Amino acid sequence: MASSGQACIEAKFVTKSYGKTVALDDVSFSIPCGERYALLGPNGAGKSTTLKLLVGLLKPDTGTIRIQGYEPFSSEAKSILGYLPEDATPYRTLSVRENLEYIAALRGVKDVREATERFLDDLSLREYERAKVGKLSRGNMQKLAIALALIHRPRIVLLDEPLNYLDIPTQERVFKMLKSLDSTQIVSTHIMSIATRLTEKVIMISRGKIVWNGTIDMLKGLEQGEEPIESVVARLMTNAG
Amino acid sequence: MLAKLVKFVLLTRFSKPLLGLVTFFLVYDVVIRGVATGSSPEFSGGFSYYAVGASIFFMAVSLLFGGLFILKSDRDYLLTLPLKRRELSLSLFTAQFVGSGITILFLFGFYLAGAGTLQTTIVLGADLAILAAVVTALGVVSNILSTRVRAGVAAILGVWCLSSILGNPFTPVSPFTGDLLYGSITLFGFAAVTVPVALRELAYLELGSMRSLLRATSSEYKKTMSFAGKSPVRAIYSYHLSFLELVGRVNLAGSTSYRAARVRTSTVLIISSALAAIYLLLTGLSPFADLLSRPVVIVLPILMGIITLVLMSQGTFSNERGWLAFTAMDPAVYLRHLLLSRAVSTLAITGPFAVANIVLAFRGVPVAVNSSIVLLVTVSSASILATYLVARLGAVQQVKEEGMMPGQFDLKQLLAIIPTYIVIILIVVSEISLRASIVIAGVLGILSLLMMLSKSVWRGIAYRLTERGFV
Ligand SMILES: Nc1ncnc2c1ncn2[C@@H]1O[C@H](COP(=O)(O)OP(=O)(O)OP(=O)(O)O)[C@@H](O)[C@H]1O
Ligand SMILES: [Mg+2]
């Protein structure tokens with residue numbers, strides 16, 4: 001098991017541009033093993049870019065990233081990382097079950113059948129197991145995407161807007177599922193209740209820079225009077241911007 | 001109002017530089033070739049076989065697979081506006097016409113060079129435009145026909161057009177075999193029937209085609225695959241050898257459909273074996289064999305080359321999911337096996353024809369030897385190289401929603417045609433000389449193998465796709 005205290009995710013002086021757009025500008029942070037972080041920030045702040053860099057889908061222009069000491073694109077890192085992008089779509093021409101089995105097989109999961117059955121039940125996808133993914137409702141597609149991100153029991157989980165499109169009962173189920181995982185987590189979200197329920201700590205970025213870093217409790221401590229936590233966050237983001 | 005609407009519909013589909021380039025090519029083709037009074041018309045042999053074959057191919061694909069040039073935003077906004085029906089349909093038709101036209105222009109444009117006099121050039125140019133209109137119309141009409149009727153009409157159309165090679169002047173493609181007057185009249189007549197039907201159909205889009213586009217076809221698979229107990233690499237092969245995936249825009253075929261579907265490779269193999277048998281009968285045993293064998297044997301690899309190249313270069317990445325595959329294993333290893341398995345599965349299309357050609361070669365059609373080398377080695381290797389090139393140029397789009405264009409057509413995607421161009425030239429050269437066909441097959445084969453062995457090449461592609469917004 002990952003011992004807490006040691007850094008599971010480490011980013012040092014990371015910069016990333018798309019052409020002329022600077023998406024991340026000299027960002028450094030370190031996430032100890034076993035901790036759960038919310039990644040907050042206004043639209044276009046660089047949250048999704050950060051997650052893509054951590055999971056090795058993008059390469060930083062400068063700076064380094066280490067996942068338990070490994071390069072993000074190394075096979076060691078791949079086997080411990082689980083990633084859900086925003087607006088995730090699985091393979092459209094495969095059925096729900098085929099998607100689960102295919103990805104489990106690609107990841108070298110020991111018991112593909114068992115993993116598949118477990119997620120079909122946990123996310124109530126069984127009635128759609130033969131369904132073409134292209135024909136699924138958006139919410140059911142999101143459930144499948146969550147299952148695909150977690151099928152190999154990753155020790156580090158990176159989720160970009162995981163609860164989008166989900167109905168309320170499913171949201172509750174996913175909450176429970178994520179809470180019960182013994183893993184290091186980063187959840188990017190715009191919804192504060194998701195952050196407060198799922199995570200204990202916060203990294204806030206704006207225009208590609210980290211503008212605030214601390215615990216949810218510290219964030220609550222900044223509330224002025226009856227002010228909701230959203231107002232605190234909005235203030236921090238705009239003041240920094 | 002009409003002018004505004006046409007402009008809006010065009011600009012939401014094509015980027016300005018692309019429209020500019022097309023205009024340039026149009027003007028260039030007409031002016032330069034009109035001014036340069038050159039050689040006598042090339043109305044027999046290779047060029048005309050190519051033009052006839054490619055026209056049949058365009059019309060058949062358009063008719064069979066159909067397709068509308070509709071954006072997601074059209075469904076949500078444009079179609080809900082209180083617009084005059086006639087203006088709307090005319091605008092949508094124009095946009096689709098430009099789409100088909102671009103392709104035809106690029107593949108046929110040089111044909112005008114052989115037209116000779118200014119007069120024939122103009123007539124042929126007009127014929128190409130009408131052909132684009134017909135292809136467009138067939139793509140629209142396709143939506144209201146059942147699959148069986150489509151196949152039937154496509155077969156009849158194919159035979160009718162093929163008879164131009166035997167000297168029938170009254171076919172839509174006869175202008176290309178030298179029957180400029182009767183051929184043009186027939187083509188025009190054909191357009192006069194199909195275009196109005198298409199326009200009417202487009203006017204009531206949300207009632208007809210749109211509905212069929214969004215209609216739930218079967219939403220479950222009857223035959224499914226299992227990957228349990230398979231190693232990562234075996235899983236890739238078992239997926240892509242069982243099913244041929246048809247994804248993305250059938251762009252080069254002039255029809256513009258966005259679909260993601262899968263067909264069992266065994267089904268493909270059966271159909272293409274049946275077609276190869278017909279091909280063998282026509283070119284080897286029928287009474288017209290002597291007349292038909294040369295042109296058909298020459299044109300076939302070109303068409304097969306286009307089909308395979310489109311399947312591979314457009315289809316491979318548009319249905320790929322980097323967040324799943326590239327995070328599960330080394331993208332270089334994944335893509336290597338993906339490409340190889342897909343290249344092998346396209347042999348289900350070309351293989352039977354290669355076999356038929358070997359039989360033909362034994363029956364004394366020498367060019368069939370070149371054709372089978374092209375089908376077996378050149379086309380597969382070229383399609384791997386083309387897939388790389390198209391991804392490298394950033395000319396692929398990820399298909400996320402069915403039936404819709406993922407976005408604007410732009411200059412970059414037009415570049416996707418360039419590899420096809422090069423390959424067509426290589427195929428033509430291969431058919432002229434046996435020695436050339438062996439050299440070309442060898443070079444392309446070795447190049448594609450070397451390329452697949454390079455890890456950095458494919459890792460680079462994976463990063464590049466993500467940077468271009470692939471998820
Ligand atoms: N594929 C891409 N090509 C070009 N620019 C991009 C690409 N992806 C992101 N960007 C740009 O990089 C910046 C950061 O984008 P990113 O998607 O990381 O933001 P985000 O914080 O996830 O925003 P949101 O809350 O809207 O999801 C933005 O300015 C965006 O326009
Ligand atoms: Mg984002």
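Throughout, protein chains are lettered first and strands after them, A, B, ... in sequence-line order, and every chain is numbered starting at 1. Computed from a prediction, not measured in an experiment: that's the story for all the values here.
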Using a cut-off of under 4.5 Å for heavy-atom pairs, which of A:V109, A:D87, A:L136, A:L148 has the most such pairs with chain B? A:L148

Once you round to the nearest 0.5 Å, how far does CZ of B:R459 lie from NZ of A:K59? 9.5 Å

Full working for side-chain contact (heavy atoms from CB on, under 4.5 Å) between B:E320 and A:Y91: CA-CA 7 Å; B:E320 202 36 72; A:Y91 285 100; 2.3 Å; yes

Contacting region of A:L94 [heavy-atom separation from chain B under 4.5 Å]: both

A:E98 to B:R262 - nearest heavy-atom pair and separation: OE1-NH1, 2.8 Å

Could you pull out the closest heavy-atom pair between A:T93 and B:Y239, with the gap in Å? OG1-OH, 3.3 Å

Side chain, backbone, both or neither: which part of A:A104 has a non-hydrogen atom closer than 4.5 Å to chain B? neither

Side chains of B:T224 and A:R130: is there a donor and an acceptor less than 3.5 Å apart? no

Does any heavy atom of chain A fall under 4.5 Å from the side chain of B:Y334, the backbone, both, or neither of them? side chain

At a heavy-atom separation under 4.5 Å, does B:L465 approach chain A through its side chain, its backbone, both, or neither? neither

Answer yes or no: is there an ion pair linking B:E467 with A:K16, defined by an N-O contact shorter than 4.0 Å? yes

Is A:S75 close to chain B through its backbone or its side chain, or both, or neither, when contacts mean heavy atoms under 4.5 Å? neither

A:K52 versus chain B, the contacting section by heavy-atom distance below 4.5 Å: side chain

Measure up the A:Y102 and B:H240 rings against each other and bin them: parallel (under 30°), tilted (30 to 60°), perpendicular (over 60°). perpendicular

Would you indicate whether A:K12, at its atom NZ, is surrounded by more than 12 heavy atoms from other residues, nucleotides or ligands within a distance under 6.0 Å? no

Mark yes or no for whether B:R321, through its side chain, and A:T89, through its backbone, hold a donor-acceptor pair below 3.5 Å. yes

Mind listing the closest non-hydrogen atom pair of B:Y221 and A:R92 along with its distance? OH-O, 4.3 Å

Of all the heavy-atom pairs spanning A:L57 and B:F326, show the shortest one and how long it is. CD2-CB, 3.8 Å

Are more than 12 heavy atoms, taken from residues, nucleotides or ligands other than A:R153, located less than 6.0 Å from that residue's CZ atom? no

Side chain proximity check, A:L81 to B:T327, heavy atoms < 4.5 angstrom: no

Look at atom OH of B:Y237 and say whether more than 12 heavy atoms of other residues, nucleotides or ligands are closer to it than 6.0 Å. yes

When you compare the side chains of A:R97 and B:S226, does any donor N or O come within less than 3.5 Å of an acceptor on the partner? no

Under 4.5 Å from any heavy atom of chain B - which part of A:Y83: both

Tightest non-hydrogen contact, residues B:W323 and A:A145, listed as CH2-O, 3.6 Å

Side chain, backbone, both or neither of B:S238 within contact of chain A (heavy atoms, under 4.5 Å): neither

Any chance OH of A:Y18 has more than 12 other-residue heavy atoms, nucleotides or ligands included, within less than 6.0 Å? yes

Looking at every heavy atom in both A:R107 and B:A328, which two are closest together, and how far apart are they? CG-CB, 3.6 Å

When A:P90, A:S79, A:A88 are compared by non-hydrogen pairs under 4.5 Å with chain B, the top option: A:P90

